[in-house]
Protein chains: 2
Amino acid sequence: MYENVYVKAGRRWEMNYTIKDVAKKANVSIATVSRILNNQKGYSEKTKRKVLEAIEELDYHPNAIARGLINKKTSTIGVLFPALSSMFVTELLAGIEKAAHQLGSSVIVCHTESNGSKTMKYLQLLNEKRVDGIIFTSEILKEEYYEFIQKMSIPLVLLSTESRIYSVPYVKVDDRHAAYSAAQYLIKKGHKRIGMISGNQNDLIAGKPRIDGFKDALLDHGFPVHDSQIVCSEGFTFADGREGLKKMRQLAPEVTAIFAASDEIAFGAISEAYQQGIRIPEELSIIGYDNLSIAEMSIPPLTSLAQPLYEMGEKAAKMIFDMINGDQLVESRIMPHSIKERSSVVKKEE
Amino acid sequence: MYENVYVKAGRRWEMNYTIKDVAKKANVSIATVSRILNNQKGYSEKTKRKVLEAIEELDYHPNAIARGLINKKTSTIGVLFPALSSMFVTELLAGIEKAAHQLGSSVIVCHTESNGSKTMKYLQLLNEKRVDGIIFTSEILKEEYYEFIQKMSIPLVLLSTESRIYSVPYVKVDDRHAAYSAAQYLIKKGHKRIGMISGNQNDLIAGKPRIDGFKDALLDHGFPVHDSQIVCSEGFTFADGREGLKKMRQLAPEVTAIFAASDEIAFGAISEAYQQGIRIPEELSIIGYDNLSIAEMSIPPLTSLAQPLYEMGEKAAKMIFDMINGDQLVESRIMPHSIKERSSVVKKEE
DNA sequence: CTGAAAGCGCTAACAC
DNA sequence: GTGTTAGCGCTTTCAG
């Protein structure tokens, strides 16, 4: 009677039944149960019913660990993020999680803090846990990482980043092109003196290309580009935005519109402008980058260059699964960007 | 020579070595290797060195799946969230992830969308994956969920929620008390006509208690409470905040200060106020709830009742591990709240 | 101190 | 159709 039920610490615990229990209950061999479980062929309708009944009665659920051991497939992927609490990353994660779950996989989140040794530790972990694939987001894929993942010999896709060195499929927007669009938008709105508060110019993925795109747009439209128009920050944060605006007002007070390399920078700039009594957008227009959900919450609502973050996450997850399922050639995806117009940019009539 | 290395799809793949390979290379049995791997005793220093060398040379890493199968411990926990892209949840996750990783575990994120059948599916999944514990956040623990997790017989902790029915350890702030503090803060600032934009009043965890706390504070300080002062929303979102402020202006235009039941609501209210030309905080003071990272980014910077979300996540993770490691009695934790003063509340002199 | 052997729960030949 | 058996990579008795 109490087979498979035992008492521990005074409490009644129901054990997780195994395939053996089911087999016994249904009077068949475990092989048959396994076949039915995996929709293979080689059994009669009658035994199938019998087994299914037993499964139902015992409320049996196969042990994914045991399955993983033999199939060499854990239905789990690992996702590496530099930060977890940034909204940017959060939207990517939501997209990944959705697609992964739809495709029957779980996702393990790893927060690397952009720290090399932490990243390696996570990679070790993911290796030991035998994840089926890895999504690497928003950071440079260092040689060390790449080599390690190579050795793990599981699929890898880059999300919101890319590698100029290694041939790894990626999903991102064309930063240079997107920045170009943002700057062009400002120009079309009649602004002639346009500044940029950029992220880190040494960041070859999200920093430099946006600066280049910005410059290109100005140049293409016949505007000169002075260094004083572009203030570079450490990163892409709110504080960087504040600092950025301060510098901008000193170096190029004539600027009537600013392209911020991230929404957070834009928020910082707006906040600083507010403190300095500069009215936005009347005196100073600002366009952000990312179109995070907070963009609509700012005052005034922030016009922003939109990246489809959620969709990017989904896409990356789908790519990983295509690769896991043997697709040799998955193409990288340049996702479309767009401009989400709100109220932080004004038309300049002159 | 090519033992353990094979070629697949034209590419050289390095296999994951097993304990057997190490044993062979070191000329010992797998039992010995296992002992050394697990820091048990029963081997000489010499063999230890030999084995360690072999491990090093092969770059061997134990297979966590195989270990999990035998140890019945996967070093993985599951975390259920109603939403992933809310900043609120994101901070909790960051805290959980940090603590979990420190304690040698991974976390699988599950996005339930507050949907019962999705939640059950996730629980099934976590059961099959044999996670060591579950953290359930920000939602009512329904009977169905509870029963299922009971059957899984693994530890469960509630985060930012609690159960009045089941005895499950939880980590949260005292919402009623916190709301009381927020209202009291407004009173101490000299406000006499105070309103509240609440979340859903039918939400017994985060909705009702905050309303109650608000009422208590007013009553205790000798203020009458009219229904018109409290506008209830569907949820806790930006849009709810906008709507809330609109209603508040209609129903109780005399109000000089508002307690918003979440920062997002506060943001919505501020945004709406801005559109209506109401100056904040001069004409209307607002205090939020949560103290999300965006609170400092609003204009004006939002004074908010702070929940230590990150720490709450950490704490919940630590509790789960205490339970996994056999602690029978872990106490629930009421985390301290505080008021983060910024500039959205003004002192009212009369 | 060390090794042989029996599983953990499952899948996949291989027999009958 | 169905059962038997040999593992997957590891831990853990139990002998020696």
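All of these numbers come straight from a predicted model, not from anything done at the bench. Throughout, protein chains are lettered first and strands after them, A, B, ... in sequence-line order, and every chain is numbered starting at 1.
- Checking B/Lys129 against B/Thr74 by side-chain atom types alone, no donor-acceptor pair falls below 3.5 Å.
- The stretch residues 27-44 of chain B touches DNA chain D through B/Ile30, B/Ala31, B/Ser34, B/Arg35, B/Asn38, B/Gln40, each having a heavy atom within less than 4.0 Å of the strand.
- What you find for B/Thr47 and B/Ile36 is that their closest heavy atoms are O-CD1, 4.1 Å.
- Between B/Glu143 atom CD and B/Gln150 atom CD the span is 11.5 Å, to the nearest 0.5 Å.
- Ring pair A/Tyr122/B/His101: centre-to-centre distance below 6.0 Å.
- One interatomic measurement links the two molecules: CZ of A/Arg49 to P of D/dG1, which rounds to 14 Å at whole-angstrom precision.
- Nucleotide C/dG9 holds its P atom 14 Å from the CG atom of A/Leu58, rounded to whole Å.
- Terminal axes of the helix from C/dC1-D/dG16 to C/dC16-D/dG1 (five pairs each, C1' rotation axis) are separated by 50°, to the nearest 10°.
- Of the inter-residue distances, the one linking B/Glu147 atom CD with B/Ile149 atom CD1 reads 10.5 Å to the nearest 0.5 angstrom.
- Atom CE of B/Met312 is separated from atom OH of B/Tyr170 by 11.0 Å, given to the nearest 0.5 angstrom.
- With hydrogens and angles left out, the side-chain atoms of A/Thr18 and A/Asn16 include no donor and acceptor closer than 3.5 Å.
- A straight line from CZ of A/Arg130 to C1' of D/dC8 spans 11 Å, rounded to a whole angstrom.
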As a quick check of understanding, evaluate ring pair (Phe, Tyr, Trp, His ring centres under 6.0 Å) for B/His61 and B/Tyr17, giving each step before the final call.
CA-CA 7 Å; B/His61 293 279; B/Tyr17 292 103; over 10 Å; no

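- In this structure, the CG atom of B/Asn16 is 14 Å from the C1' atom of D/dC10, given to the nearest Å.
- A straight line from NZ of B/Lys24 to C1' of C/dG3 spans 16 Å, rounded to a whole angstrom.
- Proximity of A/Lys72 to the phosphate of D/dG9: a side-chain N or O atom is located under 4.0 Å from OP1 or OP2.
- A sub-4.0 Å separation between OP1 or OP2 of C/dT2 and a side-chain N or O of B/Thr47 is present.
- The distance between atom CD1 of B/Ile70 and atom C1' of D/dC10, rounded to the nearest whole Å, is 5 Å.
- Contact check, B/Tyr60 against D/dC10: a side-chain N or O comes under 4.0 Å of OP1 or OP2.
- Proximity of residues 61-69 of chain A to DNA chain D (heavy atom under 4.0 angstrom from any strand atom) is restricted to A/Leu69.
- Side-chain contact annotation: A/Thr90 with B/Thr90, donor-acceptor N/O pair under 3.5 Å present.
- When the P atom of C/dT11 is taken as reference, atom NZ of A/Lys20 falls 14 Å away, rounded to whole Å.
- In this structure, CG of B/Asn71 is placed 16 Å from C1' of D/dC8, rounded to the nearest angstrom.
- Remark: A/Phe81 CZ to A/Ser138 OG distance equals 7.5 Å, nearest 0.5 Å.
- Minimum heavy-atom separation, B/Ala317 to B/Ala99: CB-CB, 3.6 Å.
- Ring geometry, A/Phe136 versus A/Tyr145: the interplanar angle falls from 30° to 60°, so the pair is classed tilted.
- Between A/Lys46 and D/dG1 there is no side-chain polar atom (N or O) within less than 4.0 angstrom of OP1 or OP2.
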